[in-house]
A.B. asks: 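Pasting a structure here, questions to come.
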2 protein chains.
Amino acid sequence: MNQPESISDEALRAGIINFLETAPAAYMPGATVDTVIFGFHKGKLKVLLLRFGNSSYFVLPGGYIGKEESLDQAAMRLLQERTRLENIYLEQFYTSGSADRSKDSPAKAILQEMIGPIPNNSWFDQRFISVCYYALVDDTKVNPVTEAFFTEVKWFDINKLPKLLYDHQPIIQKALKRLQADLDEKLVGFNLMSETFTMNELQKLYEAVYQKELVRTNFQRKMLGLGVLERLEKQYNGKSHKAPYLYRFTQADDAV
Amino acid sequence: MNQPESISDEALRAGIINFLETAPAAYMPGATVDTVIFGFHKGKLKVLLLRFGNSSYFVLPGGYIGKEESLDQAAMRLLQERTRLENIYLEQFYTSGSADRSKDSPAKAILQEMIGPIPNNSWFDQRFISVCYYALVDDTKVNPVTEAFFTEVKWFDINKLPKLLYDHQPIIQKALKRLQADLDEKLVGFNLMSETFTMNELQKLYEAVYQKELVRTNFQRKMLGLGVLERLEKQYNGKSHKAPYLYRFTQADDAV
DNA sequence: CATTATTGTATCAATTCGATACAATAGCCC
DNA sequence: GGGCTATTGTATCGAATTGATACAATAATG
């Protein structure tokens, strides 16, 4: 995982002052994109979060929308900047826009503590609505990068989230609800798996998303019955029991 | 249905010039709310649209977001202004934001033809993203009102929509898809019915939303099996056949 | 080579769902 | 009034789906 190249507070401050000047010409006012990036690792459903400055708060990866960019393009660009991946499954699921959703946030205070005073009524003091996406990534391929005043990029268990700024906590919950609804409906789960996987691994994923246990034999019957799995050679993994088959998802995806 | 009090082009022009001056202080920049208002009438699923000026184009009812208003509040306010109803079922389903979604639209040309030249780079020339809601109303209770440069408020069959400005056509299609998904899942359909109804009327609604015929006997079994219908007295409607029961929806709604 | 944990498959029963049958009934027509 | 018709409410049959359980296969282990 790439950690940020150490950057001096001076340089950071200069960068932010510069950003404040250039942002209004470059980005849409009043709107951001935030993305809940889901990953699956060791049987747990994870979310990628950024540590805000040197505080104990985290935020969702996100950013601003270029003046000539669609929302989808902005979300994809920001996602690629953060994960260095192409062809990511990305779905818009909600737009958050209470009038005070950023008002009580300690974000600006934290930033000022890092780099000194920031002008009032600047770009950061706008009211923003946030167009929210969720993304599904194969966490074995992700190489998260951070930048600027985010001092850490980290995967968190969906059930052990840290303190979050703004309304990012409820947004993650909404993303999970939507993922649960999409999992069976659109078979999006395979975007979270590596190329090949065992039935057990797939079941663990479904259990992590639905947050409940499933009956192994019936799960297997259901998955095989979908007709979207190709059975590969067996995987001898050195465990003292029958070796499981490997499977591959065959894109029977008729682009809903 | 209230038609607009006739208003002179002079007064309209003055109103718009005034709006252009006051809007930036009153509303969020770059964002609108648009609502697909569904109704159900004589077995057909309908959408409420506004005629834009004296053109043959229609638009979704919508408007701007007050600086101190949440998105939900703005949507509800605009809906009440248009329908004079309280307690409307309202659901956010999508945010539209391609960079050029309003660029090719003849909206401004139509407006200028009505009231003369409008300054360039004014409020109307911004790029807007649109946070989209759908609403379900009992059309027997709706008394739609129009205003300003909308010269008509009209219900359209979902399958016989007029020419629409901006990207309002695909937005309506997305709203329908979402309504289809919500109909069984959240039992929202009853918001489209009057207080009491026959099983046949309810079936017609489901058929209109799903756009396909359903088997009467199985539909009845399914609906009664949900345990959310209270059977009332029979309705002798003067037709030469067995009189149907009336039903009422009993809010077994555990607020998903 | 028996033991153990896990995997793949089969099967039984319960439930759901599509299709069909049929009795009840309100008004119409004669 | 009595048969006719269209519609309504309910029951039922069989097929498909789903939950629960049984069991054989097998890869290491000791």
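Naming convention: chains lettered A, B, ... in sequence-line order (proteins, then strands); numbering from 1 in each chain. These numbers come from the heavy atoms of this one structure, side chains and all, not from hydrogens, waters or symmetry mates.
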A.B. asks: Taking any heavy-atom pair under 4.0 Å as a contact, classify B:Thr198: base, sugar-phosphate, or nothing.
C.D. replies: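 Since no nucleic acid heavy atom lies under 4.0 Å of B:Thr198, the category is nothing.
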A.B. asks: Between D:dT12 atom C1' and B:Arg221 atom CZ, what is the distance in whole Å?
C.D. replies: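 Distance, rounded to whole Å: 10 Å.
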A.B. asks: Whole Å only: how far is the OH atom of A:Tyr245 from the P atom of D:dT26?
C.D. replies: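 Result: 9 Å.
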A.B. asks: Between the main-chain N or O of B:Val228 and the side-chain N or O of B:Thr250, is there a donor-acceptor pair closer than 3.5 Å?
C.D. replies: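 Judged by distance alone, yes, a pair lies under 3.5 Å.
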A.B. asks: To the side chain of A:Arg231, which of C:dG8, D:dT7, C:dT7 is closest?
C.D. replies: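 Nucleotide nearest to A:Arg231's side chain: C:dG8.
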A.B. asks: Over how many whole Å does the gap from A:Leu246 atom CG to D:dA27 atom P extend?
C.D. replies: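 Going from A:Leu246 (CG) to D:dA27 (P), I get 14 Å.
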A.B. asks: Both B:Asn218 and B:Ala243 contact DNA chain D. Taking the nearest nucleotide for each, which residue is further toward the 5' end?
C.D. replies: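 Of the two residues, B:Ala243 wins.
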A.B. asks: Just the rounded figure in Å: distance from P of C:dC17 to CZ of B:Phe219.
C.D. replies: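 Rounded to whole Å, this separation is 14 Å.
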A.B. asks: Could you state the atom-to-atom distance from CD of A:Gln220 to C1' of D:dG19 in whole Å?
C.D. replies: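 About 16 Å, once rounded to whole Å.
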A.B. asks: Between B:Val215 and A:Ser240, who's closer to the 5' end of DNA chain C by nearest nucleotide?
C.D. replies: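 Here A:Ser240 is the residue nearer the 5' end.
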A.B. asks: Measure from the side-chain N and O atoms of B:Gln180 to the backbone N and O of B:Val209, and report whether any donor-acceptor pair falls under 3.5 Å.
C.D. replies: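 Here the side-chain-to-backbone pair exists.
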A.B. asks: Would you say a side-chain N or O of A:Asn237 is under 4.0 Å from OP1 or OP2 of D:dA27?
C.D. replies: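 Answer is no, no contact under 4.0 Å.
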A.B. asks: Rounded to whole Å, please give me the gap between NZ in B:Lys239 and C1' in C:dT25.
C.D. replies: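 Spelled out: NZ on B:Lys239 to C1' on C:dT25 is 15 Å.
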A.B. asks: Using whole Å, what does the distance between atom C1' of nucleotide D:dG9 and atom CG of B:Leu202 come to?
C.D. replies: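 Distance, rounded to whole Å: 15 Å.
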A.B. asks: Rounded to whole Å, how long is the line connecting atom NZ of B:Lys222 with atom P of C:dA19?
C.D. replies: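 Whole-Å distance recorded here is 14 Å.
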A.B. asks: Give a yes/no answer on whether the side chain of B:Arg216 brings an N or O atom under 4.0 Å of OP1 or OP2 in D:dT10.
C.D. replies: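 Answer is no, no contact under 4.0 Å.
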A.B. asks: Donor-acceptor pair, distance only, cut-off 3.5 Å: does the side chain of A:Arg82 make one with the backbone of A:Val145?
C.D. replies: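 Side chain of A:Arg82 to backbone of A:Val145: a pair is present.
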A.B. asks: Could you pick out which residue, A:His241 or A:Lys234, lies toward the 5' side of DNA chain C when each is mapped onto its nearest nucleotide?
C.D. replies: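 Its nucleotide being nearer the 5' end, the pick is A:His241.
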A.B. asks: Without hydrogens or angle criteria, can the side chains of B:Tyr133 and B:Asp72 be said to hold a donor-acceptor pair below 3.5 Å?
C.D. replies: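 There is such a pair between these side chains.
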